[in-house]
Amino acid sequence: MRHFQKIFEGLDVVPLLAALGRKQHLWNANTLRTQFPGSPHAETDDIWLLFNNVPEDETAVIDDIAVRPYPAWAELPQARHLVFDLMRRVEGMQLGRVMITRLPPGKTIPEHADQGAPATYYQRHQIALQTLPGCVFNIGEEVVQFSMGECWWIDNRQPHSVVNNSADDRIVLIVDVHTC
């Protein structure tokens, strides 16, 4: 596979899933990605743990290399060991965006290619927190079904899409890491 690489599997994601169940107020506290006109993420819900500073004028250019912690970083400490285990595994030098996204059953993330530092400076990783058969990630001719507790590198510079034809939400922890 050229656009996907399984980094590791067997991660214990249950503590983070349990915390998410108790912290429903964190979903969509920040809606820039999901409500920006033309966003491919319009059918998803987000929780930002680490994200860029967003200017008051949301149409202004964002410094997309530097990130800062958002309240969810403090409220979901269960995510930190997953993030730092990944950093150690890939010998990361700098942490970028860290988000949790949820795609409900029957919904899609239409084909798009990421731009800016999240695609050119950082390497994008996804840790599957909750996913069932029928939820597929597509990049070109390659199609992958993540399993709970797996971590994948994805080539988000290429046009990609996600279709959730399963019976439950697809929830992933997205971690951008800069390596040398």
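For this chain, numbers begin at 1 and follow the sequence in order. Keep in mind that what you see is a predicted model, and the values were worked out from it rather than measured.
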### Residues that Y121 engages under ring-ring contact (aromatic ring centres under 6.0 Å, His included), provided they are two or more places apart
H178
### Task
Return the set of residues passing ring-ring contact (aromatic ring centres under 6.0 Å, His included) with H41 (not counting sequence neighbours), or none when no residue passes.
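So H41 forms a ring-ring contact (aromatic ring centres under 6.0 Å, His included) with H112.
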Apply side chain to side chain donor-acceptor pair (under 3.5 Å) to [X] and list each qualifying residue two or more places apart in sequence or on a separate chain.
X	answer
W73	none
D64	none
R88	D85

### Query
Does the side chain of W153 pick up a donor-acceptor pair with the side chain of Q123 at under 3.5 Å?
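Judged by distance alone, the side chains do pair up.
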### Message
Just by distance, no angles: are the side chains of D168 and S166 close enough, under 3.5 Å, to form a donor-acceptor pair?
### Response
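Judged by distance alone, the side chains do not pair up.
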Which heavy-atom pair separates [X] from [Y] by the least distance, and what is that distance?
X	Y	answer
I109	P40	CG2-O, 3.6 Å
C135	R170	SG-CD, 3.2 Å
V162	F137	CG2-CD1, 3.6 Å
Y70	N30	CE2-ND2, 3.7 Å
V90	T179	O-CG2, 3.4 Å
M148	T131	N-CG2, 3.9 Å

Nearest-0.5 Å distance that lies between atom [atom1] in [X] and atom [atom2] in [Y]:
X	Y	atom1	atom2	value
I174	T101	CD1	OG1	4.0 Å
N156	R124	CG	CZ	5.0 Å
L17	L129	CG	CG	5.0 Å
N28	D45	CG	CG	4.0 Å
R68	F51	CZ	CZ	10.5 Å
I65	N52	CD1	CG	9.5 Å

Flag the pair [X] / [Y] as yes when at least one side-chain heavy-atom distance between them is below 4.5 Å, and no otherwise.
X	Y	result
Q130	V172	no
F8	R89	yes
L95	V67	no
Q126	F146	yes
I7	L86	yes
E75	H25	yes
Y122	V177	no
L76	L26	yes

### Query
Taking it one step at a time, do R102 and T44 satisfy side-chain contact (heavy atoms from CB on, under 4.5 Å)?
CA-CA 5 Å; R102 175 173 64 190; T44 66; over 6 Å; no
Hydrophobic clustering (ILVMFWY, side-chain heavy atoms < 4.5 Å, transitive) - are [Y] and [X] grouped together?
X	Y	value
L50	F84	yes
V83	I100	yes
W48	L173	no
V175	L82	yes
W152	V13	no

Main-chain N/O of [Y] paired to [X] side chain as donor or acceptor, under 3.5 Å:
X	Y	result
E43	T108	yes
T120	G116	yes
Q78	P15	no
Q24	L20	yes
E9	C151	no
Q158	D155	no

### Task
Examine R2 relative to F4 and say whether NZ or CZ is less than 6.0 Å from the centre of the six-membered ring and inside a 45° cone about the ring axis.
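No, R2 does not sit over the ring of F4.
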### Query
With a cutoff of under 4.5 Å between side-chain heavy atoms, which Ile, Leu, Val, Met, Phe, Trp and Tyr residues group with V143?
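Besides V143, the hydrophobic cluster comprises V136, V163, listed by chain and residue number.
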### Message
For a side-chain contact (heavy atoms from CB on, under 4.5 Å) check, start with the C-alpha distance between D114 and R157, then their side-chain angles and the critical distance, and finish with the verdict.
### Response
CA-CA 5 Å; D114 293 342; R157 297 168 300 164; over 6 Å; no
### Task
Answer yes or no: does atom CD of E91 have more than 12 heavy-atom neighbours from other residues, nucleotides or ligands under 6.0 Å?
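Open: at most 12 neighbouring heavy atoms sit under 6.0 Å from CD of E91.
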### Task
Test R97 against D176 for salt bridge (Lys or Arg N to Asp or Glu O under 4.0 Å), laying out the working first.
CA-CA 5 Å; R97 292 178 180 177; D176 289 346; 5.3 Å; no
